[in-house]
Structure formats: C-alpha cells, structure tokens
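The first residue in the sequence is number 1, and the count goes up from there.
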Amino acid sequence: MKKLIVSLALSLLISSAFARTFFGPRVFEMRVNSDISVSNTGLAMQDSLVKKLVLDLKKMADDIPDSGWNFNTIDDINLGFNLNLDRLFVGLKFGTQAFGNIDISKDFFDSIAKGTKPSETINATADGFGDAFAYMETTVKFKVQKYGITIKPAFFVPVAHAVVKDSGAKICNKDDGSLIVDMDTDIDLYTAFGKNGISDFNIIETLGFDLAGEFEWPILPKLTLTGKARIPIVPGRLSYKKDIDINYHYETKFQSMMNGESATSEYNSKSGDYTQTSFSINRPMKFAIFADFLPAGKFITFTGGLGIGFLHPFTSDPDTFKAFPEYYIGANMNLFNVFNLTLSTEYTDLLFQHMISVGLNLRVIEIDTGIAMASQNFEKSFACSGTRGFVTFCIGF
C-alpha cells in the first residue's frame with residue numbers, strides 16, 4: 001500500500017512537472033485582444049434587462065449620486081506578436097484605444113423627475129471629453145541576475161480629441177404656468193485629419209512617443225515586488241480643429257398641454273470649418289508598485305498594487321488634466337498552466353471594477369476571457385450600472 005501511494009505521488013509530481021513545461025510559455029505566438037467597458041452612475045443593468053422597460057425618473061434621480069450622472073467608456077483592441085526565448089522576451093503590438101467621459105449635474109435629473117417651483121430656475125451643467133489613439137508598442141523583457149526588467153517603448157498617433165465645455169441647461173418654471181428649457185452644448189473637436197480627409201494627415205507631425213517599464217525584485221522566495229511606470233516623452237499633435245455648437249429651446253404652458261396643444265421647440269446645430277492648429281496630447285501617465293505573494297508555488301498568487309495616474313498630462317488644454325489614485329487586489333489560481341481563474345477588484349482609469357476571469361491553455365491555442373461589474377461610483381459598481389469585458393485569443397507553438 002505504501003509503495004502504491006509513493007508511486008501515485010511520484011506520478012503526480014512527474015505529470016504536473018511535465019504539464020507545466022509542456023503548457024508553459026510558447027516560443028512564438030500571435031495574440032488578438034479586445035477589452036471594452038461601458039458604465040454609468042444612474043441606470044443599473046438589472047433595471048434595463050427586463051421584458052418591458054419602464055423608466056422611473058424619480059427613482060433614477062434619487063439613485064444618481066450628488067456628484068451627478070456619469071457615462072464612461074474605455075476600449076482597447078490590439079494585435080500582438082511575441083517571441084519568448086530562454087531569458088529574453090520580445091513583443092510587438094498594434095492597437096487602438098478610445099476613452100470617453102461625460103458628466104451631467106444632478107440638478108438636471110432632479111428638475112425633470114420632481115419638477116420645479118414657480119419662478120424657480122434650475123441651472124444644470126455638463127462637461128466631458130473623448131480621445132482616440134492608434135499605437136504601436138514594443139516589449140523587451142530580460143533578467144539581470146535575479147531581477148526582471150521590462151522596457152515598453154511605444155509610438156502613438158492621436159486620431160481625435162473632443163472637449164465638451166460651457167455646456168448645460170436652464171430650466172425655468174414661470175408664474176404664468178409656462179415652462180422654458182434652454183440647452184446649449186459647445187464642443188471643441190481636434191483631429192488629425194482636415195476637410196480633405198487622409199490627404200491632410202501628416203504622420204511625422206502627429207506621432208507621439210511614450211516609454212513604459214517594469215522592474216521586478218524577488219525580495220523573498222515567495223514574495224516579489226514590481227514597480228511599473230509609463231512616462232510621456234514626445235506628445236502627439238493634432239493639426240486641425242472644428243467648433244461645434246448645439247442649441248435646443250423648448251417652451252410650453254401647462255394650460256396648453258391640457259388642451260392638447262403642441263409645445264414650441266427649436267433645434268440648431270452649427271459646425272464651423274476646420275482650422276489649422278497645433279494641439280499637444282499624451283496618453284495617461286502612470287506610476288505603481290505591486291506585490292505578488294505565492295504561498296503555494298505557482299498554484300495560487302495573491303496580488304496587491306497601489307499607484308497614481310495622470311489624465312492628459314502635458315497637454316495644450318490644462319483644464320482637462322486630472323490626477324487620480326489607483327489600486328488592485330486579486331487572487332489567481334493556476335492549474336499546471338492549463339487552467340487559471342482570477343478574482344479581482346480594482347480602481348484604474350477612473351473606474352471601479354470587480355472582475356472574474358478564466359483562461360484555458362491547450363498549448364497551441366489559448367483563450368482568456370473576463371467580465372466585471374464597473375462604475376465610476378464605488379457603490380454603483382456593485383449595482384451593475386456598468387460592465388467591462390475582455391477576450392484574448394492566442395495561437396502559437
């Protein structure tokens with residue numbers, strides 16, 4: 001019986017060692033990745049996934065936090081090629097990134113849901129931004145003694161940058177029973193292309209450059225510290241600008257509504273011509289430190305990280321600059337490099353996320369996928385007011 005137990009134990013050890021080696025890093029691989037998040041701080045997912053959608057405006061207004069309603073989207077789609085040698089890793093990645101954020105003050109929703117008092121005027125404000133980039137990133141990773149060093153130089157092309165400014169709504173309930181709503185939105189749109197499209201594009205003038213890196217330090221056999229950073233070096237430049245002005249006027253009287261008469265409304269949208277400019281913009285700058293604790297080898301890993309990010313650093317519009325903290329807490333279970341499961345919670349890129357992700361590695365093919373509850377508001381992130389999902393497909397040998 002003892003011989004049988006010993007034999008089984010040896011067989012298990014040999015099998016696990018073989019599995020970790022066979023299903024370990026591929027020498028060459030191609031990766032396709034899609035990572036998309038969409039979130040808000042008002043409507044929860046369970047409120048919209050119903051057979052018949054009914055908007056309870058009062059409940060929606062009550063649920064919106066004092067900071068106002070926020071809509072946020074972050075997208076990253078990329079294609080990568082990696083070469084993994086014994087002590088050297090080299091990767092090349094091509095991708096597109098998009099960031100979007102809109103904030104509307106709570107006053108606007110309160111006035112729609114709960115009405116206004118006679119002679120009361122509500123002034124609601126709105127602001128936001130949108131960015132779109134194309135990029136090419138190279139990764140070089142190697143070891144010097146026990147230390148791991150990763151260098152990630154990247155060229156990026158800003159495709160467009162939009163800023164919503166001086167925007168809002170004025171809602172007035174007059175003594176004579178009339179309701180007047182005036183909405184105005186001003187958008188500054190910066191692009192890499194003018195009215196002639198691609199013929200106006202100059203990649204030399206537009207191209208930006210930033211540098212990211214990592215430094216791994218195994219301070220204990222089961223504990224590794226990793227410092228990470230991304231620093232702008234050369235800003236990308238957008239050479240064209242267009243001003244967009246949108247106005248909406250709505251006026252009615254309570255008595256007219258009771259008589260079935262139509263309200264008076266007017267919508268105007270003006271778009272100016274493209275003008276030449278030189279607008280500098282960078283991708284977010286970041287600094288962070290992570291700790292990986294492996295109490296049972298590679299079978300399970302606990303990770304914690306703290307960092308700080310800077311949105312729109314060193315740009316031509318300092319009003320859109322924002323500094324924000326970041327954190328990450330996660331646990332990963334890895335079964336012989338064949339199956340892995342990760343549970344995590346984090347605040348990155350101004351978004352709270354609580355994610356579960358799984359991966360299946362069949363040596364030649366690997367698929368990783370994850371889904372998360374997400375929101376810019378911590379409480380709303382648990383109410384499914386937004387979601388993030390990613391899928392990574394890898395093929396190699």
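Side-chain contact between Thr139 and Thr150 is present, with at least one heavy-atom pair separated by less than 4.5 Å. Residues Gln353 and Ser37 fail the side-chain proximity criterion, which asks for heavy atoms closer than 4.5 Å. Thr206 is listed as a side-chain neighbour of Phe201, based on a closest heavy-atom distance under 4.5 Å. Inter-residue side-chain proximity for Ser39 and Phe352 is flagged as unmet; no heavy-atom pair is nearer than 4.5 Å. In this structure, the side chains of Ile371 and Thr387 come closer than 4.5 Å at one or more pairs of heavy atoms. By the 4.5 Å heavy-atom criterion applied to side chains, Phe310 and Phe321 are counted as neighbours. Between Ser265 and Tyr248 there is a side-chain heavy-atom pair separated by less than 4.5 Å. Considering only heavy atoms from C-beta on, Ile246 comes within 4.5 Å of Tyr267 through its side chain.
If you take CG on Asp245 and CG on Asn247, they are separated by 4.5 Å, rounding to the nearest 0.5 Å.
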Could you walk me through whether Tyr147 and Phe215 pass the ring pair (Phe, Tyr, Trp, His ring centres under 6.0 Å) test, one step at a time?
-> CA-CA 7 Å; Tyr147 305 105; Phe215 181 78; 5.5 Å; yes
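No more than 12 heavy atoms of other residues, nucleotides or ligands lie within 6.0 Å of CG in Asp273, so this atom counts as exposed by the packing criterion. Remark: Asn268 CG is packed, more than 12 non-hydrogen atoms of other residues, nucleotides or ligands lying under 6.0 Å away. The environment of Lys165 atom NZ is sparse: at most 12 non-hydrogen atoms of other residues, nucleotides or ligands sit within 6.0 angstrom.
The aromatic rings of Phe382 and His354 lie parallel to each other, their planes meeting at an angle below 30°, with 60° marking the opposite boundary. Using cut-offs of 30° and 60° on the angle between ring planes, the pair Phe129 and His312 is perpendicular. Relative orientation of the Phe290 and Tyr328 rings is tilted, given thresholds of 30° and 60° on the angle between their planes. Using cut-offs of 30° and 60° for the angle between ring planes, the His161 and Phe279 rings count as parallel.
Comment: Asp200 does not engage Lys195 in a salt bridge, judged by the lack of any side-chain N to carboxylate O separation of less than 4.0 angstrom. Lys143 has no carboxylate O lying under 4.0 Å from a charged side-chain N of Glu216, or vice versa, which leaves the two without a salt bridge. Classification of Lys93 and Glu137 as a salt-bridged pair holds, one side-chain N sitting under 4.0 Å from a carboxylate O. At a threshold of 4.0 Å, the pair Lys174-Glu251 does not count as salt-bridged, since none of the basic side-chain nitrogens sits closer than that to a carboxylate oxygen.
Residue Gln376 is tested with Asp349, Asn40, Thr41, Asn101 for a side chain to side chain donor-acceptor pair (under 3.5 Å); the sole match is Asn101. With Asp292 as reference, Thr303 is the one residue of Thr224, Thr303, Thr301 to meet the side chain to side chain donor-acceptor pair (under 3.5 Å) rule.
A donor atom on one side chain and an acceptor atom on the other are not found under 3.5 Å apart for Ser167 and Asp186.
The shortest heavy-atom contact between Phe324 and Lys322 is CD2-O, 3.8 Å.
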